[in-house]
Amino acid sequence: MLETTALACERGGMRLFSDLGVALQAGGLLRVRGNNGSGKTTLLRTLAGLTRPAAGSVRWRGEPIGDDFRREMLFLGHAAAVKDEMTVSENLEFSSRISCLDVAESKIRDALECLGIVRLADLPARYLSQGQRKRAALARLALSASVPLWLLDEPFSALDDEAIARVSALCAAHLAAGGMVVLTSHQDIPIAAADARAIEMRG
Amino acid sequence: MLETTALACERGGMRLFSDLGVALQAGGLLRVRGNNGSGKTTLLRTLAGLTRPAAGSVRWRGEPIGDDFRREMLFLGHAAAVKDEMTVSENLEFSSRISCLDVAESKIRDALECLGIVRLADLPARYLSQGQRKRAALARLALSASVPLWLLDEPFSALDDEAIARVSALCAAHLAAGGMVVLTSHQDIPIAAADARAIEMRG
Amino acid sequence: MLQAYAFIVRRELRLALRRKGDVLNVLVFFIVVASLFPLGVGPEPGQLRAMAAGVVWIAALLAAVLSLPRLFAADHADGTLEQMLVSPQPLLVIVLSKASAHWLLTGLPLALTAPLIGLQYDLPTDALGVLLASLLIGTPVLSLLGSAGAALTLGVHGGGALLGLLVLPLFVPVLVFGAGAVTSTLIGINPSAHLSLLGAFLAVSSLIGPWAACAALRVALD
Amino acid sequence: MLQAYAFIVRRELRLALRRKGDVLNVLVFFIVVASLFPLGVGPEPGQLRAMAAGVVWIAALLAAVLSLPRLFAADHADGTLEQMLVSPQPLLVIVLSKASAHWLLTGLPLALTAPLIGLQYDLPTDALGVLLASLLIGTPVLSLLGSAGAALTLGVHGGGALLGLLVLPLFVPVLVFGAGAVTSTLIGINPSAHLSLLGAFLAVSSLIGPWAACAALRVALD
Amino acid sequence: MASRLLQFATPQAFFPLAGKLVPWFSVLAGALALAGLYVAFLVAPTDHQQGESYRIIFIHVPAAWMSMFLYVVMAGWAGLGLALNTRLSGMMSSAIAPTGAMFTFVALWSGALWGRPTWGAYWVWDARLTSELVLLFLYLGFIALKSAIPDPVRADRAGAILALVGVVNVPIIYFSVQWWNTLHQGASVSLTRAPSMAAAMLLGMLLMALAAWMYSIATALSRVRSIILERERDAEWVRMQRSAA
Ligand code: HEM
Ligand SMILES: Nc1ncnc2c1ncn2[C@@H]1O[C@H](COP(=O)(O)OP(=O)(O)OP(=O)(O)O)[C@@H](O)[C@H]1O
Ligand SMILES: Nc1ncnc2c1ncn2[C@@H]1O[C@H](COP(=O)(O)OP(=O)(O)OP(=O)(O)O)[C@@H](O)[C@H]1O
Ligand SMILES: [Mg+2]
Ligand SMILES: [Mg+2]
């Protein structure tokens, strides 16, 4: 469904990678590995359509990625996209709304429950700790079962062991239901997947 | 040398911890463990004198912490304190200067070498990846052997395995030379230390 | 799409309410600037009346320029803007709703306060009405073109001053026609020519502004 | 300590050079604002000459207010300010060096450009000299009191407008005496009374400003 | 033909071509300017209404024309770069901007000097003068924006958007004398009044305008050469060039 052909990316005039071809089918998990600065974030942003590739293209269901693709994709980057002034549940509501997801009150609470932060639902995000903030951002995963493709940039950083288990369980469930996950991570978190692959950036 | 007596911290009217007494002697390593939001960052900021405790006090060489303490302490928080517009080496030079450390050209390069980013010395920090930025911030450790107390908040997050090894080696060397290290981390990184202890926040 | 427009506007308004006083600040800034003038220039009533419209308009321009850097910056810094770009919502809708919210939070309050300041400067009633009308037509231009400027300077350090440099010249026609409408009323000329020019300018900028803002946002987040 | 002062100032200047045009932007903003006035107010030379000093001073005030939010905000956001607070350097030295750098980068260039704008407004030569003098004495006040304002509004959303609201009233005396000095020269009165009042104000604010900024910074980072 | 042209659209190919063209255009500019000044000051007769001061026209009008024309060209290059993602386009627009700003400044300055004897004031806030001033600010804003963004690709694209927005101002400058009754008079007035003078005046103006054209091309080309060197400093061919020199 998602495939890249001869993808190349440049930053500041330097090739980060080139001639990258990956293809991901329903139920597939792709781990992007590599040292600091090897281009993992750049690759994910290119897949999401945020960064223009220097060469090659990204295709979704055979078409170049465009407006339709954005309906079927969820991208969570380094930045948590959590607004300090809004409460945790308001934040989740807005980010789901903007992705055209269902935002019934009860679903929101279930999603927060799922990440173990339902206790903080009405706390303004300003007061969250680093890890709680990350959890608040990841709570969207629990609402996005219907979104086929998940692109997650270091979802496990700043999380404690309990949260890591919760998030990897969410990913595993998504894969089992025929979803696709692309993730970068420096930690080796086990995720149950029928079709798991890894690519190593720059050797 | 560093000790707290009946330390308590509040955030938003909620006690995070209370009656905390820790004491650290030369060569001692203290790991602060705990779930997301359990108060690790708050504890470290209190030890550094940035946050005022709700009760109790922090003492250094028997005195309440004050101006002298700041000469003997290095605090690295969540924020990398790396300026986008300056090159990596300029950043390191400034942060060392302000801590009254020696900043000979060669020492700077050695420190960058030690973190494996000497190649990036003249790149504006704007272009660094997440992990490279963290390395740039941590390079100060390599210059701070003479500073007895290191307070490190999640030094290993965003780092790849190679960088983690480098940083933990630095910590081990510091401890062996009679320094003290307090660190928080969700990952269990082995650090060689004669006197290693851990405290678990909120049970 | 209309739904998306509505809920983004609602969110912006709610955020503004949370950041208590945000709206109030721009307003008070406007009033302070307008009140500084007589201090700097000297208090002769005739002279003051002649410059009233210009002063109010300049104060409005500056208040707008001061409030513009925030239009996208906060959303950019915390990653919300990135999320908006990868969301299924058309970027144009997002830009339009942010510009609308900006107008509701700055332009509209400014326009509604302006007659009070006009009173201070001893403007006659018909001139007050024209002042209000000119601001109601002109301030949306500030939000529309301003959003383009804000998007262009996103992530640029020292963006505030650069933004001022970029958009203030574009606001000049608004200032000239807006203040001109009031001044012509003062000397007994029908202001409708000026006002309709303002309207034309609004039409042009509602085409150009959001387009430029969309393009600039994509560039800023590349 | 002197050494720390010097290297922080040097660093600020270097950073400003890197953010190419930062200095230039404030300057051009200043010029644009000063050129906007005749647009809004009307072009009679006599009237313009009378308001020249006020306009230049108001433009300087606004340029300063626009540049102030950046004084600590960038260092706050990336953690540098935190590092400065835990460093062995006295906070007062840090604040003083940042305020000095701010003056070197905005106040001084503004003061040096002001006579050119005065020329545009057709001011006589002696008034130009007084304008320059008043700005050289007055602009450090903007940086000193401004640093306190910037520290107080640190981390407050919508800080830009709030900052303006906080410091502009404090700047009013500077505006009145600064513009007053020039205007009195125009009508043949010796401006030294005004200038020495400005000097006194500078002395007071150099005591109060940095102290308040230090206290506010500690609060902002608690 | 098109492919032959496209061949020069890469910085590497354009660099030597530009290098060859610069001296030619510089010489042409100098020669035309000399001829124009000769006609302007020695051939064209004194105006019986304005006296000698009217001769500012030979500077003022070519500068005003170039200021508008160069803006359109600059925006055109910028737009091309935005649409087709060609590297050279952004460099060209950067190279043109300072010359355009310079001509705008000259038009403003000469107009102001001219205004003093004819209108009795250096400056009035009428539509043409104001929109010309806005043009100067647009040029400056373009230059400032580009230099504020360190990444050249991003700077090119952001600058292009601004340049395109600003294009609206050019017709406003041009037609402002027709749309509003302004103080600024058109040339046609003096042309119809003294047709015998017009020939020499027209010739002088045309020569000066052509000189301005040549000058603009020469400066833009030589500036684009240094921009190419700066931006492609890491490219193989630039390093070879440098080691050869
Ligand atoms: C700062 C003041 C001035 C500015 C910004 C200015 C601007 C311009 C511009 C943009 C043009 C070219 C437009 C066109 O070709 O239609 C132009 C042309 C011209 N200007 Fe000015 N001008 C100024 C002052 C003056 C003054 C004081 C005079 C004479 C009294 C003057 C006489 C002319 C003439 C005769 C033309 C040629 C118009 C034509 O070719 O149709 N300008 N000016
Ligand atoms: N203008 C530039 N000049 C030189 N190098 C650049 C420039 N911009 C970006 N880079 C480099 O591009 C790379 C960006 O990599 P990216 O952020 O994708 O890394 P990553 O694999 O996500 O790393 P991390 O594990 O640290 O998050 C970095 O090596 C960075 O140094
Ligand atoms: N105003 C407030 N109201 C309620 N709770 C607050 C407020 N401010 C902070 N908190 C809570 O205080 C705690 C701060 O913890 P701290 O940042 O020290 O956690 P941490 O142990 O570093 O967590 P992490 O592992 O996520 O970094 C969080 O649980 C946060 O929710
Ligand atoms: Mg990354
Ligand atoms: Mg923490």
Side-chain angles (χ1 to χ4, degrees), chain A residues 10-14 16 32-45 77-80 88 115-117 119-120 122-138 153-154 156-167 184-189 200-202, chain B residues 10-14 16 32-45 77-80 88 115-117 119-120 122-138 153-154 156-167 184-189 200-202:
Chain A
E10 277 178 359
R11 289 270 112 175
M14 254 183 32
L16 282 178
V32 183
R33 294 235 177 81
N35 283 344
N36 290 142
S38 55
K40 302 181 293 297
T41 298
T42 310
L43 172 61
L44 252 73
R45 290 177 63 92
H78 279 300
V88 172
L115 268 291
I117 46 173
R119 196 171 48 79
L120 305 171
D122 297 323
L123 190 71
R126 173 198 326 278
Y127 303 122
L128 298 181
S129 80
Q130 199 80 345
Q132 289 169 337
R133 183 177 290 264
K134 188 91 193 185
R135 290 187 190 210
L138 290 168
D153 199 0
E154 309 238 4
F156 304 117
S157 81
L159 294 186
D160 60 19
D161 294 342
E162 180 217 333
I164 289 179
R166 288 171 187 265
V167 173
T184 71
S185 170
H186 290 297
Q187 289 157 278
D188 251 329
I189 310 298
E200 183 80 28
M201 307 298 290
R202 200 192 275 155
Chain B
E10 277 179 0
R11 290 268 111 177
M14 253 183 32
L16 282 178
V32 183
R33 293 236 177 79
N35 282 344
N36 291 141
S38 54
K40 302 181 293 297
T41 298
T42 310
L43 173 60
L44 253 73
R45 290 177 64 92
H78 278 301
V88 172
L115 266 292
I117 46 171
R119 195 171 49 79
L120 305 172
D122 297 323
L123 191 70
R126 173 198 325 277
Y127 303 120
L128 297 181
S129 80
Q130 200 80 345
Q132 290 169 336
R133 182 177 290 263
K134 188 92 194 185
R135 289 185 190 210
L138 290 168
D153 199 0
E154 309 239 6
F156 305 116
S157 82
L159 294 186
D160 60 18
D161 294 341
E162 180 217 332
I164 290 180
R166 288 170 187 266
V167 173
T184 72
S185 170
H186 291 296
Q187 289 157 276
D188 252 328
I189 309 298
E200 185 79 28
M201 307 298 291
R202 201 191 275 155

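Protein chains get the first letters and strands the later ones, always in sequence-line order, with residue 1 at the start of each.
Atom CG of residue B/L123 and atom CE of residue A/M14 lie 8.0 Å apart, to the nearest 0.5 angstrom.
For B/E162, the part lying under 4.5 angstrom from a heavy atom of chain A is the side chain only. Heavy-atom distances place both the backbone and the side chain of A/L159 under 4.5 Å from chain B. A/D161 touches chain B through its side chain: at least one heavy atom from C-beta onward sits under 4.5 Å away, while N, CA, C and O do not.
Using a 4.5 Å heavy-atom threshold, the side chains of A/R135 and B/N36 count as touching.
The two atoms that bring B/G37 and A/S129 nearest to each other are N-OG, 3.2 Å, heavy atoms only.
When B/E154, B/H78, B/R11, B/K134 are compared by the number of non-hydrogen pairs under 4.5 Å with chain A, B/H78 comes out ahead.
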